[in-house]
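Inspection log for the structure reproduced underneath, given as structure tokens.
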Amino acid sequence: MTVATGSLLTGLGVGLNAVRGEVFRVKPQAAIPGPAKHGGDTDAEKETLRGAITHVASYLDELAIKAGETSAEIFEALKMLLEDEDLFETAVTEIESGWNAATAFIVAVDSLEEIFAGDAAFEERLVDLKDLAKRVAAHIAGVHMGLDLPTSGAYVIVGDDFSPADTAQFTDAVVGVVTIKGGPTSHTAIICRSKSIPAVVSCTQAAELVDGVSVLVDPVGDRVVVGGDDSMATKAISFVAKSLDPIIPVRANIGSLEDSIQAATTAANGVGLFRTELLYLSESTMPSAQKQAKSYAEILKAAPEGPIVVRTIDAGSDKPVPFLDMPHEENPALGIRGFRLIQDHRQFLIDQLTSLEVARKESGREVWVMAPMIATAAEAIEFAAMARSCGEYKVGIMVETPAIAMALRDLGGKIDFISVGTNDLSQYLFAADRMNAGLGALLNPWQPALVRMLQVIASESEAAGISSGVCGESASDPAFAVVLAGLGFKSVSASRSQVGAVRSALSAVSLEQAKEVAAIAVTATTADGCKAAVLDALAKLA
Ligand code: PEP
Ligand code: MG
């Protein structure tokens with residue numbers, strides 16, 4: 001079945017500009033030979049397997065170089081999994097039992113599935129590792145694998161969702177992206193936002209699109225228009241600045257030295273979220289206090305002027321850190337992650353705060369520290385005491401659980417600030433796994449329940465005399481940032497590519513106007529209705 005010209009396929013938009021291109025369906029991969037036995041030469045099979053693993057590892061190196069510093073860590077982590085000696089030894093056992101090199105490696109990777117069943121974070125990695133095992137098998141069989149994307153022309157690529165290895169293959173001919181699954185915090189959405197490629201994710205009807213059809217990817221309209229042209233693009237509101245400064249400060253989110261340097265080229269007022277765990281996703285040994293102090297100092301020195309909010313390590317669940325020994329859990333998003341690491345790794349947190357203090361003194365910067373995944377006032381108070389005993393910091397917590405949102409009044413005078421992580425807050429509010437490609441609609445920040453929860457958080461923190469900000473992906477949407485200011489948040493922190501757009505929006509309205517817009521948002525009853533009503537109100541103001 002093909003989709004008629006003029007059809008509107010709805011999803012969730014990423015970006016502010018529409019783009020037209022020809023549909024390119026990502027092709028099913030060429031067939032790789034099925035399981036087979038070898039002819040008896042086990043040594044030759046082992047050597048073949050080593051060679052194929054080395055080949056795929058160097059392919060990951062190439063992807064890491066193309067991806068740039070922030071995403072490079074993802075490929076380095078995958079390479080570690082691929083080259084794991086225990087995995088190789090398991091494959092050798094299979095070779096010795098008669099299977100050929102390709103089959104043996106696939107069987108070895110599959111055996112991990114049984115061992116780690118129920119460990120959601122590892123299951124996510126396992127999907128990538130299985131993809132790599134297929135590449136190993138393909139190399140052995142001489143089968144070419146890859147997306148085979150066109151290198152010239154203007155194409156909108158359409159697929160279920162794209163893995164880190166897929167997004168690194170995007171060529172200059174990829175002008176737009178549509179995913180059938182995937183959500184607003186999916187890898188595809190984050191990469192497209194950072195590369196400024198217009199995308200629509202969670203677009204179920206895109207399954208019907210066929211190669212060669214012309215489509216308009218219209219992210220502001222949260223839709224794909226089949227046969228649409230530029231005149232049908234939903235215009236992003238063009239905000240006309242009324243003042244030089246935004247009504248609340250706009251900070252930048254960073255995770256590496258490269259990010260810090262880039263953020264300093266924007267008009268960001270400091271850093272609202274430094275995700276320290278991103279430095280360690282591929283470290284197999286614990287970094288020493290000296291090494292930590294050195295990297296923190298470099299990052300602090302490079303950061304845009306203003307305060308720098310550093311988050312202590314948020315390891316666990318979707319962000320496994322190899323050197324921290326973590327228990328295998330049935331449901332890691334609800335398990336030991338974030339501040340809960342103090343159960344087994346208290347000293348690492350103390351070392352981190354102590355190293356950061358060395359870096360703070362060396363850089364002369366204003367540093368605020370906050371802990372992720374806080375659920376009770378007692379945890380917040382414990383973190384505040386720990387942080388204050390390690391350094392001269394303003395101390396805060398992330399609000400990512402509904403439980404702590406309901407306990408803010410108990411924290412007056414105990415902490416200095418809060419920063420709302422709407423990515424996780426949505427996950428826990430809606431009981432919708434943020435890694436589950438099929439639940440994108442529930443993770444839409446315009447969901448009225450999230451907006452109303454944010455209203456409660458802003459007013460409760462105000463009443464408790466605690467300064468409040470938002471650093472989740474939702475704050476990267478200029479219109480949503482106006483709602484946040486109107487709800488009473490005192491700052492937002494955006495993806496660095498969005499700092500300019502968010503600043504423009506917050507410089508185009510007065511605080512009174514932002515409050516009026518927020519009042520409209522909290523009365524909406526659907527996510528689409530909420531967004532439409534806010535955009536309508538903003539358009540009238542613009
Ligand atoms: C969040 O949860 O919104 C957040 C900013 O933290 P992360 O995305 O790193 O979990
Ligand atoms: Mg979070």
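The first residue of the sequence shown is numbered 1, and numbering continues consecutively from there. Atoms within a ligand are numbered from 1 in the order they appear, just like the ligands themselves. The structure presented is a predicted model; accordingly, all values stated were derived computationally and were not measured.
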Residue D416 excluded, over 12 heavy atoms near CG under 6.0 Å: yes
Enumerated ligand 1 atoms positioned under 4.0 Å from heavy atoms of E400: 1 (C), 2 (O), 4 (C), 6 (O)
Nearest-neighbour protein heavy atom for atom 6 (O) of ligand 1, which is reported as residue plus atom name and distance: R311 NH1, 2.9 Å
Neighbour count above 12 (heavy atom, 6.0 Å) for K294 NZ: no
Any donor-acceptor N or O pair under 3.5 Å, side chains T276, Q352: yes
E462 atom CD: more than 12 heavy-atom contacts under 6.0 Å: no
Protein contact to atom 7 (P) of ligand 1 [nearest heavy atom, distance to 0.1 Å]: K319 NZ, 3.3 Å
The Mg ion (ligand 2) contact by D424, N, O or S atom under 2.8 Å: yes
Salt bridge present between E283 and K291 (N-O < 4.0 angstrom): yes
Element-labelled atoms of ligand 1 that are located less than 4.0 Å from some non-hydrogen atom of G472: 3 (O), 5 (C)
SB check R360 E357 (cutoff 4.0 Å): yes
Numbering as shown, the atoms of ligand 1 that approach R275 to under 4.0 Å (heavy-atom distance): 4 (C), 5 (C), 6 (O), 7 (P), 8 (O), 9 (O)
T179-D161 side chain donor-acceptor pair, cut-off 3.5 Å: no
E473 N/O under 3.5 Å from ligand 1 N/O: no
Identity of the N, O or S atom of E400 lying closest to the Mg ion (ligand 2): OE2
Heavy-atom proximity to atom 4 (C) of ligand 1, best of N423, T422, L278: N423
N-O pairing of E382 and R346 below 4.0 Å: yes
Distance filter under 4.0 Å to L273 heavy atoms, resulting ligand 1 atoms: 5 (C)
Which of the ligand 1 atoms, numbered from 1, are nearer than 4.0 Å to a heavy atom of R434: 2 (O), 7 (P), 8 (O), 10 (O)
